[in-house]
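Encoded as structure tokens, the structure appears first; notes follow it.
Both ligands and their constituent atoms are indexed starting at 1 by order of listing. Numbering of residues begins at 1 and proceeds along the displayed sequence.
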Amino acid sequence: MAWFEKPPAPPARMATDAIWAVCAGCKAYIARAEWNAALRVCPRCNYHDRLTCRERIDLLTDAGSFEELNAQVTFGDPLRFVDANGPYAAKAKATAAKTGIGEAVVTGKARIDGMDAVLAVMDFRFLGGSLGSGTGDRILLAAEAALAAQRPYIVVSASGGARMHEGIVSLMQMARTCAAIAKLQEAGIPYISILTDPTTGGVSASYAMVGDINIAEPKALIGFAGRRVIEQTIKQKLPDDFQTAEYVLEHGFIDHIVDRKSMKAFLANVLRYAGQ
Ligand SMILES: [Zn+2]
């Protein structure tokens, strides 16, 4: 009785994904090979797609030079938080297993064009790149490593903001990370912040904005509160490009917008200029 059998399963989404990438900026279909060759930057609209922390590290550092620090530092669950989807701890553990990283940031020492530096690279896949106590710990410890080694510190942000599951402990990370960075700045050690899509909430309100130089990728969403919240509060319509890297640059919050393909060379120039 074949006529009432289930139709065959549609081809797996993976098969489509292997051939085409869909640009989140302009919705164009781009051949996956072309998309990857362009470092996941849209050839039509220059949208810079999100990268994983490992991809970003590969892009910015000399091959084989990255040595991870404090990989054992992981999330805390001070409130034993449970929401409608279950316990936060279980969700964080599952995310760690899936992504292979124990927190929303990976930190380590590396070389950039032969110059030593300490890096912290956020990963949006880990609970929206949210800033929890483990994230704060890793960023703070990496700043201390930069201070001890007297090497420049570079943080690449990608975050939806504070990790609400950790309540006030999450918000405290804004002050802790900024205090650690202030020590670097007192010691005259360069601190470079790179803002990628998206850098919002508590991260944009703390360490992402206090770089000696703040650099963004084109079209990155950069802001504090969401557009809708602001529009409802001030009862005004905001411009279309509000909270884009370009808008934020025009209003003086960041110093440069640099294309992904030029970012490593740009960083190397900044490091050389800073006398590294
Ligand atoms: Zn596009």
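- Legend: protein N/O/S atoms lying under 2.8 Å from the Zn ion (ligand 1), waters omitted, number 4.
- A donor-acceptor pair shorter than 3.5 Å cannot be found between the side chains of Glu103 and Thr74.
- Considering only heavy atoms from C-beta on, Tyr88 comes within 4.5 Å of Arg163 through its side chain.
- In Lys93, the NZ atom is not crowded: 12 or fewer heavy atoms of neighbouring residues, nucleotides or ligands sit closer than 6.0 Å.
- Checked against side chain to side chain contact (heavy atoms under 4.5 Å, CB included), Met263 has the following partners two or more places apart in sequence or in another chain: Leu60, Ile194, Ile215, Glu217, Val258.
- At most 12 non-hydrogen atoms from other residues, nucleotides or ligands lie less than 6.0 angstrom from CZ of Arg44.
- The shortest non-hydrogen separation linking Trp35 to Val41 is CZ3-C, 4.0 Å.
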